[in-house]
Number of protein chains: 2
Amino acid sequence: MSSAKPSLELLRSLTEEHVLRALMDHPRLTRAEIAAVTGISKPTISDGVRRLVDLGLVVDTGEWSTGRGRAGSYHALAPGCGTALVVSITPQGVTAESVDPFGTVVASSDVPLDRSAGAYAVTPALRTALGRVVSGSGRRLRLGVVSAADPVDRDTGRLVHLPDAPFLVGDLDPRAVLASAVEGPVLVDNDVNWAARAEQAAGQAGAAGGSADFVYLYLDEGLGCAVVSDGEVRRGHSGLAGEIAHLVTEGPEGRAVRLTEVFARLGLRRPGSTAVDVEQVRSRFADASDGDPTLGALATAVSGVLEAVTALADPEVVVLGGGWGREAAFVDELRRRSAALPRTVPVVPALVDREPQLSGARAAALEQLRELVVATVRRPDRV
Amino acid sequence: MSSAKPSLELLRSLTEEHVLRALMDHPRLTRAEIAAVTGISKPTISDGVRRLVDLGLVVDTGEWSTGRGRAGSYHALAPGCGTALVVSITPQGVTAESVDPFGTVVASSDVPLDRSAGAYAVTPALRTALGRVVSGSGRRLRLGVVSAADPVDRDTGRLVHLPDAPFLVGDLDPRAVLASAVEGPVLVDNDVNWAARAEQAAGQAGAAGGSADFVYLYLDEGLGCAVVSDGEVRRGHSGLAGEIAHLVTEGPEGRAVRLTEVFARLGLRRPGSTAVDVEQVRSRFADASDGDPTLGALATAVSGVLEAVTALADPEVVVLGGGWGREAAFVDELRRRSAALPRTVPVVPALVDREPQLSGARAAALEQLRELVVATVRRPDRV
DNA sequence: TCCATTGGGCAAGAGTCCTAACTAAGATGG
DNA sequence: CCATCTTAGTTAGGACTCTTGCCCAATGGA
């Protein structure tokens with residue numbers, strides 16, 4: 001919380017920042033409206049808008065306000081403020097979008113992946129989607145946010161293959177692929193972390209305006225979770241926080257085994273892979289009666305995860321998502337076991353089910369883009 | 001990151017803030033020195049100092065600088081800025097201190113506790129120590145920071161008794177006891193979290209100026225840990241993050257058991273209690289040869305904790321502390337097992353061994369006190 | 001004693017904000 | 001169609017803060 005030096009320049013940039021933020025919250029405003037929204041006087045706002053127009057960050061749209069009294073001329077953020085690139089990479093396909101500072105999707109492209117073609121088709125698909133978005137939006141891409149369905153190294157942004165865990169997307173360096181198209185920083189993280197962000201935005205925890213503390217358990221082909229502490233997704237030193245495949249839990253016959261091995265012992269892995277066979281798990285759940293051994297074994301194993309999560313992160317709630325994590329029979333069984341633990345934690349299914357990783361990444365891109373636009377106006381030091 | 005409204009008042013308060021911070025970093029300065037340190041011009045600093053003297057936050061010490069040139073009059077923070085109370089509560093005794101904005105301990109008191117007298121002697125001991133510090137310092141206590149050797153509820157500040165875990169200090173509401181002596185907020189947290197803060201200050205992790213991500217495993221009568229993520233101790237929703245007693249790990253004979261039960265099965269608990277018998281553990285370690293079964297069983301159980309910590313928090317390093325956690329034989333054995341895990345994590349003994357919880361709490365109190373002093377100068381909104 | 005050196009104050013100037021009053025221009029209603 | 005109301009934007013004046021440059025005061029060394 002170091003403070004900036006007091007100077008008249010600082011005051012001026014603060015005024016400009018208020019104008020920009022007002023124009024991000026409202027697509028178009030007259031100068032009088034900006035003054036009303038920000039609480040700053042009309043002459044000061046007029047000056048600020050003039051400076052921003054000169055800088056090319058704001059434009060006079062040529063439109064005029066209607067209503068009683070004199071019509072005011074509308075101003076808006078200039079298209080030159082640019083857009084942010086949002087990319088989602090899953091085994092099913094690559095989705096790329098560009099969003100402007102209002103959160104509007106300017107261009108988007110979806111390239112499905114043929115699973116049998118192997119991991120090496122990912123890079124060309126990414127390039128294809130990227131090219132379409134670049135030509136479709138026509139504006140400069142000032143930063144990128146990438147969601148990938150694999151663990152991500154926090155420093156390099158590369159996808160990481162952990163032992164005994166599936167490598168769904170495969171070896172990939174998204175920053176290198178995006179470098180030519182995106183002029184600014186590229187933030188890469190795994191899909192579960194972005195999905196957790198979407199859940200947070202949807203009001204999953206910390207609804208009382210406070211800081212969110214929850215854990216998002218994502219149970220699909222891979223086994224992952226996101227830890228949200230004090231309102232932020234915590235990635236850990238190298239970005240591998242939440243990679244729970246090797247967590248020690250209670251396996252069949254009460255023995256201590258790693259979570260990933262439970263699926264091997266129950267025969268729930270896809271042939272020749274360490275990935276969970278989602279279809280098989282779901283069909284087992286569908287047929288399950290009370291006391292079904294597979295259902296019980298999975299609930300026992302995951303309740304060990306709940307125990308670890310409660311002990312280390314103390315979440316307000318644990319959110320269940322993923323291809324089989326939200327199945328009603330499983331959630332019910334897990335709740336029964338959770339209630340019997342010495343420390344219980346509420347378990348709820350995820351709120352967002354349609355592409356949560358994409359909306360979370362989009363929200364992050366939007367926030368980053370806005371900060372970047374504001375930052376162009378305060379050169380010397382931050383406030 | 002909402003910004004303050006631009007106003008001349010903001011500029012003025014920013015100047016005053018710089019003066020205050022300069023006088024916190026250096027016990028006494030002339031106005032010319034303040035101008036040199038802050039980079040603000042001399043007339044502006046003179047004005048700011050005059051205003052702060054009028055407010056009673058700064059005093060002319062009456063002393064004069066020496067050296068070449070004209071002697072300048074020294075200024076310093078006024079004693080009226082107050083002090084912060086720091087309290088450490090352990091089964092061994094209660095320590096209370098008051099620190100001024102420079103980090104100088106103004107008064108301190110230590111009241112040992114007779115363990116056999118039971119938990120009910122804690123409150124009177126706390127009152128005694130508190131009374132001595134209040135009369136010894138003679139200045140107002142503007143806030144309090146309390147370290148307690150038990151889990152702490154984040155909202156209420158009360159100590160919490162978890163099932164199957166020892167309750168060392170016993171039921172206590174530190175805020176209620178301190179309310180009459182401290183005029184401001186009282187922050188209560190458990191000793192392990194404060195000790196982790198001290199380790200961080202000692203440069204344990206994130207030494208490259210970056211944000212620290214590490215876990216502090218505290219193995220003593222109680223079993224606890226602190227999770228430091230992105231440079232801050234993360235407490236979780238209700239403050240119970242790091243209470244690992246119920247973590248599922250590998251117990252004797254390879255069965256899945258909770259960490260606290262391992263000690264019961266090995267006969268390492270104090271009679272009639274859920275607390276670990278530290279003396280017995282240490283003597284077992286002292287006699288242990290290679291392959292000693294107790295040493296091995298404990299290392300196995302704790303390596304399960306390492307596994308969970310790695311999976312969920314992904315620390316740069318795991319710091320071992322507490323009465324038996326730093327024993328060389330144990331650390332060596334744990335390192336051997338850690339190296340064999342699919343995901344390894346460096347394990348190091350704690351750097352700070354003398355009252356780490358106290359120095360961590362003191363650092364927090366100092367930081368809070370400084371912020372509080374600075375806050376008196378910026379009334380309208382924060383920067 | 002003289003002088004270099006440093007602390008502190010004064011004056012002038014530039015820049016930012018605000019209030020208040022003014023002009024400009026569309027909407028309303030008879 | 002015109003007078004009136006209402007609102008947008010500009011201008012003028014004043015208050016305030018910061019900075020630069022200069023002066024004076026006071027101290028220690030030559």
Side-chain angles (χ1 to χ4, degrees), chain A residues 3-19 22 26 28-54 58 60-76 377-381 383, chain B residues 3-19 22-23 26 28-54 58 60-76 377-378 380-381 383:
Chain A
S3 305
K5 267 185 62 177
S7 73
L8 297 173
E9 189 184 3
L10 172 68
L11 275 194
R12 196 181 43 194
S13 71
L14 235 43
T15 303
E16 292 163 3
E17 186 175 330
H18 273 91
V19 172
H26 309 85
R28 41 182 215 152
L29 292 171
T30 67
R31 277 164 286 196
E33 286 168 342
I34 297 175
V37 165
T38 59
I40 299 171
S41 71
K42 286 197 292 173
T44 302
I45 291 298
S46 259
D47 268 358
V49 169
R50 183 173 15 258
R51 286 193 298 265
L52 290 171
V53 169
D54 290 346
V58 167
D60 187 332
T61 63
E63 301 165 303
W64 302 87
S65 65
T66 60
R68 301 176 68 84
R70 170 179 171 179
S73 68
Y74 277 125
H75 290 259
V377 106
R378 39 177 165 169
R379 310 206 180 273
D381 21 13
V383 183
Chain B
S3 305
K5 270 184 60 175
S7 71
L8 296 172
E9 188 184 4
L10 171 67
L11 275 194
R12 195 181 45 194
S13 71
L14 234 44
T15 303
E16 291 163 4
E17 187 175 330
H18 273 90
V19 172
L23 287 175
H26 309 86
R28 39 183 217 147
L29 293 171
T30 67
R31 277 164 285 196
E33 286 168 342
I34 297 174
V37 166
T38 59
I40 300 171
S41 70
K42 285 195 294 173
T44 302
I45 291 298
S46 260
D47 268 359
V49 169
R50 185 174 11 260
R51 286 194 297 267
L52 290 172
V53 169
D54 289 346
V58 167
D60 187 332
T61 64
E63 302 165 302
W64 302 87
S65 64
T66 61
R68 300 179 66 83
R70 173 178 170 179
S73 68
Y74 276 125
H75 290 259
V377 107
R378 38 177 165 167
D381 22 14
V383 186

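Source: prediction; values computed, not measured. Proteins get letters first, then strands, A, B, ... in listed order; numbering begins at 1 in each.
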Check: Between C:dC17 atom P and B:R12 atom CZ, what is the distance in whole Å?
Finding: 16 Å
Next item on the list: Ignoring backbone atoms, test whether A:T44 places a side-chain nitrogen or oxygen under 4.0 Å from the OP1 or OP2 oxygen of C:dC18.
Entry: yes
Item checked: Range on DNA chain D touched by chain B, heavy atoms, distance below 4.0 Å -> D:dC16 to D:dG29
Notebook entry, point to check: A:R50: what forms a side-chain contact (heavy atoms from CB on, under 4.5 Å) with it, not counting sequence neighbours?
Noted result: A:D47, A:D54
Margin query: What's B:S73 touching, base or sugar-phosphate or nothing? Going by heavy atoms closer than 4.0 Å.
Written below: sugar-phosphate
Check: Are A:D60 and A:V53 side-chain neighbours, meaning at least one heavy-atom pair lies under 4.5 Å?
Finding: no
Margin query: Ignoring hydrogens, what is the shortest heavy-atom contact between A:K5 and B:T38? Give both atom names and the distance.
Written below: CD-O, 4.1 Å
Next item on the list: For B:L8, report the nucleic acid contact type (base, sugar-phosphate, nothing); a contact means any heavy atom under 4.0 Å.
Entry: base
Note to self: Go nucleotide by nucleotide along DNA chain D from the 5' end; which of A:T30 and B:R51 gets its closest nucleotide reached first?
What the structure shows: A:T30
Check: Which whole-number value in Å describes the distance from B:R68 CZ to C:dC3 C1'?
Finding: 10 Å
Notebook entry, point to check: What integer distance in Å separates B:L29:CG from C:dT6:P?
Noted result: 17 Å
Notebook entry, point to check: Which heavy-atom pair separates B:P6 from B:L10 by the least distance, and what is that distance?
Noted result: CA-CD2, 4.5 Å
Notebook entry, point to check: Of A:W64 and A:G69, whose closest DNA chain D nucleotide lies nearer the 5' terminus?
Noted result: A:G69
Next item on the list: Please report, rounded to the nearest Å, how far the C1' atom of C:dT6 is from the CD1 atom of B:I34.
Entry: 16 Å
Item checked: Closest-nucleotide 5' rank along DNA chain C - winner of A:S65 and A:T15 -> A:T15
Note to self: If I take atom CD1 in residue A:I40 and atom P in nucleotide C:dC18, what distance separates them, rounded to the nearest angstrom?
What the structure shows: 7 Å
Check: In Å and rounded to the nearest 0.5 Å, what is the CG to CD1 distance from A:L52 to A:I34?
Finding: 8.5 Å
Note to self: Main chain of A:G48, side chain of A:T15: is a donor-acceptor contact present, judged purely on distance under 3.5 Å?
What the structure shows: no
Margin query: Tell me the interatomic distance from A:K42, atom NZ, to C:dA20, atom P, rounded to whole angstroms.
Written below: 13 Å
Notebook entry, point to check: Has the side chain of A:R70 got a donor or acceptor that lies under 3.5 Å from a partner of the other kind on the base of C:dG26?
Noted result: no
Notebook entry, point to check: Hey, does B:G72 reach any base, or is it just sugar-phosphate, or nothing, if we go heavy atoms under 4.0 Å?
Noted result: sugar-phosphate
Item checked: Distance below 4.0 Å between B:R31 side-chain N/O and C:dG7 OP1 or OP2 -> no
Margin query: Using only atom types and a distance under 3.5 Å, with no angle test, would you say the side chain of B:S65 pairs donor to acceptor with the backbone of B:A71?
Written below: no
Margin query: Mind checking if A:S41 touches a base, just sugar-phosphate, or nothing, with heavy atoms under 4.0 Å?
Written below: base
Check: Starting at CD of A:E63 and ending at C1' of C:dG26, how long is that distance when rounded to a whole Å?
Finding: 17 Å
